[in-house]
**Student:** 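I have a structure here, written as structure tokens, and I will follow up with some questions on it.
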Amino acid sequence: MKKTIGGMLTAGGLIGIIYFGYQYMQDSESFEAFGADVAISTGDYTPIIISAVVMVAGIVISKLNLK
């Protein structure tokens, strides 16, 4: 049961990181300055952090040997 919940949290967190990371990259704007390509992100990184925390929690829950 614990491994199932941990696996679901891990998978959900990974999917969230991929989805919100893609959105974050799409919200970036790039321009060229002095011959270098400069990218500025206008996206919100909070959902990425939350997804990472959920993923880590899932890994920890699935690895704990509590009874």
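If you read the sequence from its start, that first residue is 1, and numbering goes on from there.
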**Student:** Which value, rounded to the nearest 0.5 Å, describes the distance between Leu9 atom CG and Met55 atom CE?
**Tutor:** 11.5 Å
**Student:** When rounded to the nearest 0.5 angstrom, what is the spacing between CD1 in Ile59 and CG in Leu64?
**Tutor:**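 That separation rounds to 12.0 Å.
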**Student:** Over all heavy atoms of both residues, which pair between Ser62 and Gly6 is shortest? Give the atoms and the distance, please.
**Tutor:**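 Looks like CB-CA, 4.0 Å.
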**Student:** So, taking the atom named OH in Tyr19 and the one named CD1 in Ile48, what distance separates them when rounded to the nearest 0.5 Å?
**Tutor:** 12.0 Å
**Student:** Is Val54 reachable from Ile5 through a run of hydrophobic residues whose side-chain heavy atoms are each under 4.5 Å from the next?
**Tutor:** yes
**Student:** Measuring from atom CD1 of Ile61 to atom OG1 of Thr4, what distance do you get when rounded to the nearest 0.5 angstrom?
**Tutor:**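 One finds 12.0 Å between CD1 of Ile61 and OG1 of Thr4.
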**Student:** Using 0.5 Å steps for rounding, measure from the CG atom of Asp44 to the OH atom of Tyr24.
**Tutor:** 8.5 Å
**Student:** If you measure from OG1 on Thr46 to CD1 on Ile50, what distance do you get to the nearest 0.5 Å?
**Tutor:** 6.5 Å
